[in-house]
> 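One structure, pasted below without further comment.
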2 protein chains.
Amino acid sequence: MSISTRFSVGIHILSLLEVNKEGVNTSEFIAKSVNTNPALIRKITGMLRNAGLVNVRPGIAGATLAKELSDITLLDVYQAVNVVQDKELFGIHEQPNPACTVGRNIQDTIGPIFSVAELALEKALGVVTIEDVVKDILEKEKFNNQ
Amino acid sequence: MSISTRFSVGIHILSLLEVNKEGVNTSEFIAKSVNTNPALIRKITGMLRNAGLVNVRPGIAGATLAKELSDITLLDVYQAVNVVQDKELFGIHEQPNPACTVGRNIQDTIGPIFSVAELALEKALGVVTIEDVVKDILEKEKFNNQ
DNA sequence: TTTACATGTAATAATATAAGTTACAGGTTG
DNA sequence: CAACCTGTAACTTATATTATTACATGTAAA
């Protein structure tokens, strides 16, 4: 199964806040860009707020970026939207047979291996910023308009 | 959400085939070690067979390894059990608004980024073999018996 | 202070996948 | 043919995601 689209939506939201920073980015406006409904946007925006990535408050229309674009990595977003609990990207079958050599050791053996792989993934996400994403979007846009 | 336990079960199966290579590894026997039911084991074993990792045939009791332990990486297992379709570890929201600068470019922008992260994950899985896993299991076992 | 409008959040339903289970067809061996 | 195993389909249960609706709460302007 794939990792939740909350992650890509979160990236979309942050990018939009920058690209449309002159406008008022209400959950309804963002929802139209993402093509989903406002309640889901508010939920994800709330997660981004809890992670300190955006400013958004009850009653006040629109969300804004809370950090510099270059200070927000995709890893920040990934962790903010709780796509994966820490150290739980890979599911490990529960309760293997303790009466079996493999059964009683497999979890302790593959756990650390999975952690290494997970960290490799996170590292790759950590070197890309929303600034990089926005630049690429604007570059593609320029190319399309030629 | 986590990646399916089919992956960890696949690793368990292959490790067990080595550790219990003197015995006959029927789906029922393996199921007891994994602590699940034989039908699921046969399903996963079938996937490992399709990937050329084990020998198993209708009517003949027991599965055996089809390759050297050191020639089977966790990436081979990962791909064999189809935990993730190629290039689809990360879900990307469908149909963002083409009338929006972000909406019409976001997919093409984050797709390649996600691929890089996915490859980093796969690379980490590719450097660990079932031989490494089995050695670690046996080492832990020795330590526990001291 | 009342009205208009936005966010926060709960509740629900629809959908998808995983995992457990049962059943049985088909292959193999003695 | 009998016993046993694998392959596989069908069904159930459990869980997570996503979409949707509804409404309480907060803010600001008239």
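Residue numbers begin at 1 in each chain, while the letters A, B, ... track the order of the sequences.
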> Could you state the CD1-C1' distance from Ile41(A) to dG8(C), rounded to the nearest angstrom?
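Going from Ile41(A) (CD1) to dG8(C) (C1'), I get 14 Å.
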> Can you measure Arg42(B) atom CZ to dA10(D) atom P for me and round it to whole angstrom units?
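Going from CZ in Arg42(B) over to P in dA10(D) covers 16 Å.
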> Taking the side chain from Ser2(B) and the backbone from Glu88(A), do they hold a donor-acceptor pair closer than 3.5 Å?
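Flag set: sc Ser2(B) to bb Glu88(A) pair under 3.5 Å.
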> Ignoring hydrogens and geometry, is there a side-chain-to-backbone donor-acceptor pair from Asn25(B) to Asn20(B) under 3.5 Å?
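Pair found, side chain donor or acceptor close to backbone of Asn20(B).
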> Describe, as an angle rounded to 10 degrees, how the axis at the first end of the helix from dT1(C)-dA30(D) to dG30(C)-dC1(D) is tilted relative to the axis at the last end, five pairs per end.
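For the helix from dT1(C)-dA30(D) to dG30(C)-dC1(D), the axes at opposite ends meet at about 10°.
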> In residues 51-61 of chain B, what residues come within less than 4.0 Å of DNA chain D, judged by heavy atoms?
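Heavy-atom contacts with DNA chain D come from Val56(B), Arg57(B), Pro58(B), Gly59(B), Ile60(B), Ala61(B).
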> In whole angstrom, what separates Ile44(B)'s CD1 from dT21(C)'s P?
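These atoms are roughly 14 Å apart.
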> Is any side-chain nitrogen or oxygen of Arg49(B) closer than 4.0 Å to OP1 or OP2 of dG7(D)?
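Checking dG7(D) against Arg49(B), a side-chain N or O does come within under 4.0 Å of OP1 or OP2.
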> Round to a whole Å and report the spacing from CZ of Phe7(B) to P of dA19(C).
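Value for this atom pair: 13 Å.
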> With distance as the sole test, does Asp76(B) use its side chain to make a donor-acceptor pair with the main-chain N or O of Ile72(B) at under 3.5 Å?
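Side chain of Asp76(B) to backbone of Ile72(B): no pair is present.
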> Is the number of heavy atoms from other residues, nucleotides or ligands under 6.0 Å of Lys32(B) NZ greater than 12?
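Result for NZ/Lys32(B): open.
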> Roughly how far, to the nearest 0.5 Å, is NZ of Lys67(A) from CG of Leu14(A)?
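The NZ atom of Lys67(A) is 10.5 Å from CG of Leu14(A), to the nearest 0.5 Å.
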> Rounded to whole angstroms, how far apart are CG on Asn50(A) and C1' on dT7(C)?
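Rounded to the whole Å, the gap is 13 Å.
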> Can you run down the ring-ring contact (aromatic ring centres under 6.0 Å, His included) pairs that involve residues 91-136 of chain A, sequence neighbours left out, and say none if there aren't any?
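As it turns out, the ring-ring contact (aromatic ring centres under 6.0 Å, His included) pairs with a partner in residues 91-136 of chain A, which skip direct neighbours, are Phe90(A)-Phe114(A), His93(A)-His12(B), Phe114(A)-Phe7(B).
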> Can you measure Ile92(A) atom CD1 to dA19(C) atom P for me and round it to whole angstrom units?
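In whole Å, dA19(C) P and Ile92(A) CD1 are 13 Å from each other.
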> Rounding to a whole Å, what distance do you find between Glu88(A):CD and dA16(D):P?
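My rounded result for the distance is 11 Å.
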> Between Asn35(A) (side chain only) and Asn97(B) (backbone N and O only), is there a donor and an acceptor less than 3.5 Å apart?
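Side chain of Asn35(A) to backbone of Asn97(B), a donor-acceptor pair under 3.5 Å: no, none is there.
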> In terms of side-chain geometry, is the basic nitrogen of Lys142(B) or Glu139(B) positioned less than 4.0 Å from the acidic oxygen of its partner?
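No, this pair does not count.
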> Keeping Thr5(B) on the side-chain end and Ser8(B) on the backbone end, is there a donor-acceptor pair under 3.5 Å?
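Checked: no pair found.
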> Measure all distances between protein nitrogen or oxygen atoms and nitrogen or oxygen atoms of nucleotides 18-20 of chain D, and list the pairs falling under 3.5 Å.
unit_1	atom_1	unit_2	atom_2	d
dT18(D)	OP1	Thr5(A)	N	2.9
dT18(D)	OP1	Thr5(A)	OG1	2.4
dT18(D)	OP2	Ser4(A)	OG	2.5
dA19(D)	OP2	Thr36(A)	OG1	2.7

> Checking the side chain of Arg6(B) only, and the main-chain atoms of Val81(B) only, is there a donor and an acceptor separated by less than 3.5 Å?
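Yes; at least one donor-acceptor contact below 3.5 Å.
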> Select base, sugar-phosphate, or nothing to describe what Gly62(A) touches, counting heavy atoms under 4.0 Å on all strands.
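Gly62(A): backbone/sugar contact only, no base atoms under 4.0 Å.
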> Taking a hydrophobic cluster as the set of Ile, Leu, Val, Met, Phe, Trp and Tyr residues connected by side-chain heavy atoms closer than 4.5 Å, whether directly or through intermediates, do Ile130(B) and Val127(B) fall within one such cluster?
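As far as the 4.5 Å side-chain criterion goes, Val127(B) and Ile130(B) are connected within one cluster.
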> Does anything in residues 107-127 of chain B form a side chain to side chain donor-acceptor pair (under 3.5 Å)? List the pairs, not counting sequence neighbours.
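Output for this query lists Asp136(A)-Thr109(B).
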> Could you check whether any side-chain N or O of Ser33(B) sits under 3.5 Å from a backbone N or O of Ile30(B), counting only pairs where one atom can act as donor and the other as acceptor?
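A pair under 3.5 Å: no.
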> Of all of residues 9-28 of chain A, which get a heavy atom below 4.0 angstrom from DNA chain D, listed by number?
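Residues of residues 9-28 of chain A under 4.0 Å from DNA chain D: none.
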> Measure the CG-CD distance between Asn105(B) and Glu141(A) for me, rounded to the nearest 0.5 Å.
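The CD atom of Glu141(A) is 5.0 Å from CG of Asn105(B), to the nearest 0.5 Å.
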